[in-house]
Amino acid sequence: MKPLSKISQVLIALGALGLIATYFTPLWRIDLWAPQYPEGLSMQIWLNKLSGQVDIINGLNHYIGMAHIKEDMFPEFKILPYCVGFYIVAGLVTAISKSKKMLLSFFILVVLGGVLALYDYWKWGYAYGHNLSPDAAIKVPGMSYQPPMLGYKELLNFGAYSIPDIGGWFFILLGLICVGTTVYEFKYNR
Amino acid sequence: MNLKSIIGGVAVGIIAVAQISCKPNNKGGASGSSELAGDAAQKVYVAPGTHDEFYNIVSGGFNGQISIIGLPSGRTLRIIPVFAQSPENGYGFSEETKPMLNTSHGFVPWDDSHHIALSTTNSIHDGRWAFINGNNTPRIARISLKTFRTEEIIELPNSGGNHSSPFITANTEYAVAGTRFSVPPDDKADVPISSFKKNFKGYISFVSIDKNTGRMGIKFQLKTPGVSFDLARAGKGKSADWFFFSTYNTEQANSLLEVNASQKDKDFILAVNWKKAEQYLAQGKGKKEAAKYAHNVYSDKVHSATSTIMTEVMTLDPKECPDMLYFIPCPKSPHGCDVDPTGQYIVGSGKLAAVIPVFSFDKMQKAIAAKTFDGNFDGIPVLKYDAVLHGEVQKPGLGPLHTEFDGKGNAITSFFVSSELVRWNIEKLEVIDRVPTYYSVGHLSIPGGPTAKPWGKYVVAYNKITKDRYLPTGPELAQSAQLYDISGDKMKLLLDFPTTGEPHYAESIPASLIEKNSTKIFKIEENAHPYAAKGEKEAKVVRKGNEVHVYMTAIRSHFTPDNIEGIKMGDVVYFHVTNLEQDWDVPHGFAIRGALNAELLIMPGETQTLKWIPTKVGVTPMYCTDFCSALHQEMQGYVRVSPAGSNVPLTWGTGKNPVAEAEQKVAKK
């Protein structure tokens, strides 16, 4: 088997190093819009924290009996910075090793990580959206308030958009690099 | 019936018919009149959801408030209480704001406020503060253009009728306060009224303004001869060291002024070299005199005002300070005294004069250097009229009052008697255009009109008579204002809109200078109110003797606590309500049955206190008065009042919030 081409090495290294940006930028954002919030409300999810108008969103959510969104509810915030550190190192090692096996392992790791992260996000959304207080002021039969995984969803008077933020795009970029280099290396650079 | 009487009857009939047919049908209204712009509707239309181009900051006259109006739409956006209590939001009623209306006379919850001055840097609007005078109980207030709230009020001693106020210097170093009534000094005031000429003085206060905080203080008072000060303007550019004050009653009458103060052909404009006054002050020429006046300051950090009674004031006697004051003769009881954008021309408006005199600053400097005097008035040199005159505008109209500038070399003057605005060229002194007002205009306002950089575009006429302009509302009517387009050669009427109170002067400033700085909420973590409850966990009720302090929170849509028992007759209850919201435009109200003062309106992050002395034994309802949310109507609670000496224990609480259990479920995941 030929070793990894120079271009693949560089791309993987850059993609891995790109993750450094995720320590300084939010990964994901949820934007809300309602008739009485023409300016919108938004919440950002980082590797280790939440930002944006979380308190205001909590205040509004209490009408439907939704639990408060609080940083200390999420153990992920303690682990994620290390996980990303691991990915950066793994990416760099893959690039330096020039090994296609390493590339394949890294590719699988990235895909697994991505799927796991999205599943975790979905599960939290499900938990918040479905575990409502039976004493809530506003109860709409059959209604749950799980935010969309990606894209737009209407939740009562609110329209909710769930989209990657800057840090999230660096992950997506790394994913694309992995797919691209793996295909290239195994199909064209045999 | 004889021939004579028939002829007589016919004659009477003819005259009657002639009179009916000749009765001038001057409807003056918009219909078909030539002064109305053809595209007026388009020019004043501010589409839904879009903003006006200018903030028009308008004095409220006898309501003691300020109106904020958008131009060109004429929509009223807000009323700011300044010298007047406002039951709408609790200003002047809440424990925190009561000190704002304290004076040396005690609590004065009203005033008659006439003139707006917007802060400037190099005589150009900077959008920091608005100032307004209290005419009756002499005061100056400073309003923040971030919060649109009254932040500071200073009382003026040795003053009666603070009319010539609060005009400001080029860099907002000072706001002035010239007394309309000359008075004997406050600490030696028990003198015969007839001793006017001997004992009465026309005090002019120079109130310094801190350039960072805006904090006011009386730097000095000039003890000028006993005349009435009417209006004033600071110089600009080359004349920036000077201040000009119009005067009347230089006859020094103390009775029937209507006649006795209208005897002289000419009264004066007083020119004050305030830089020189500062020099004399630095040389130690000032004299501290006993005086009593209140200085009230509001803080957005503790959300409370303090009132301090000051006990002395620095005075300067012009007799010991030569070359500081000069009188310029000005025809017939001048009212407005306005300085053009270059600082070169000073326009006097003699209310009873047939001409508008325009004075030249350069000529004034020459006349002072050459001592071209026409005697003196009580020791102050009177400059020769012809020596300082740039020229007179001939036949401008009747009853000139005020002048503003369009920034294109023209002035526009308001005429009360002939009810019109007249535009004239300053250099050439020629009338260019005139347009009627409805009716009897007082002040006029061009955006930036009194500054070195007029924004132009519009002029607003603030009228003194309304009559048939709007649907009648009984004998009491709104005041009328008209907006004119001045961008072309002809002034064109665009809009007629009612105003609140009785506006005197107003200023307009581009929205862009203010809009972006507007405060939306107060940060709860910065709230340093001693009785704030910065979360529901801090809510409590504390008894201190017969005083009961309720540390209450408000958040959509409940109070904590909302059930209180153990209050007794004879108690004095203080509801310290903190609005926990940190979201824009979510105020909460607080009202309790039978409150003898008012309700509260509490902005996000703010704490306000309502004092309540129960008047009846029983259960008293309380509720939120601001429609805060879908469940606003549910935002209510009870206070139980028991007879004096009863042993009902002090208890309080609020039902449990359902969110906690949802939180447990989610956490279990």
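Just so it is clear: chains get the letters A, B, ... in the order the sequence lines come, proteins before strands, and each one is counted from 1. What you are looking at is a predicted structure, and each value in this text was computed from that prediction instead of being measured. All heavy atoms count here, side chains included; hydrogens, waters and symmetry mates do not.
Between Lys70(A) and Asp72(A) there is no salt bridge, since no side-chain nitrogen of the basic residue lies less than 4.0 Å from a carboxylate oxygen of the acidic one. With respect to Lys301(B) and Glu526(B), a salt bridge is recorded, a charged nitrogen being found less than 4.0 Å from a carboxylate O. Classification of Glu96(B) and Arg149(B) as a salt-bridged pair fails, no side-chain N sitting under 4.0 Å from a carboxylate O. In summary, Asp300(B) and Lys146(B) do not engage in a salt bridge, as defined by a charged side-chain N under 4.0 Å from a carboxylate O.
Only the backbone of Met66(A) has a heavy atom closer than 4.5 Å to any heavy atom of chain B. Only the side chain of Glu39(A) comes within less than 4.5 Å of a heavy atom of chain B; its backbone N, CA, C and O stay farther away. Neither the backbone nor the side chain of Phe74(A) comes within contact range of chain B; no heavy atom of the residue lies under 4.5 Å from a heavy atom of that chain. Using a 4.5 Å cut-off between heavy atoms, Ile64(A) does not touch chain B at all.
Counting heavy-atom pairs under 4.5 Å between each of Leu132(A), Ile56(A), Asn58(A) and chain B puts Ile56(A) at the top.
Side-chain contact between Val541(B) and Tyr551(B) is absent, with no heavy-atom pair separated by less than 4.5 Å.
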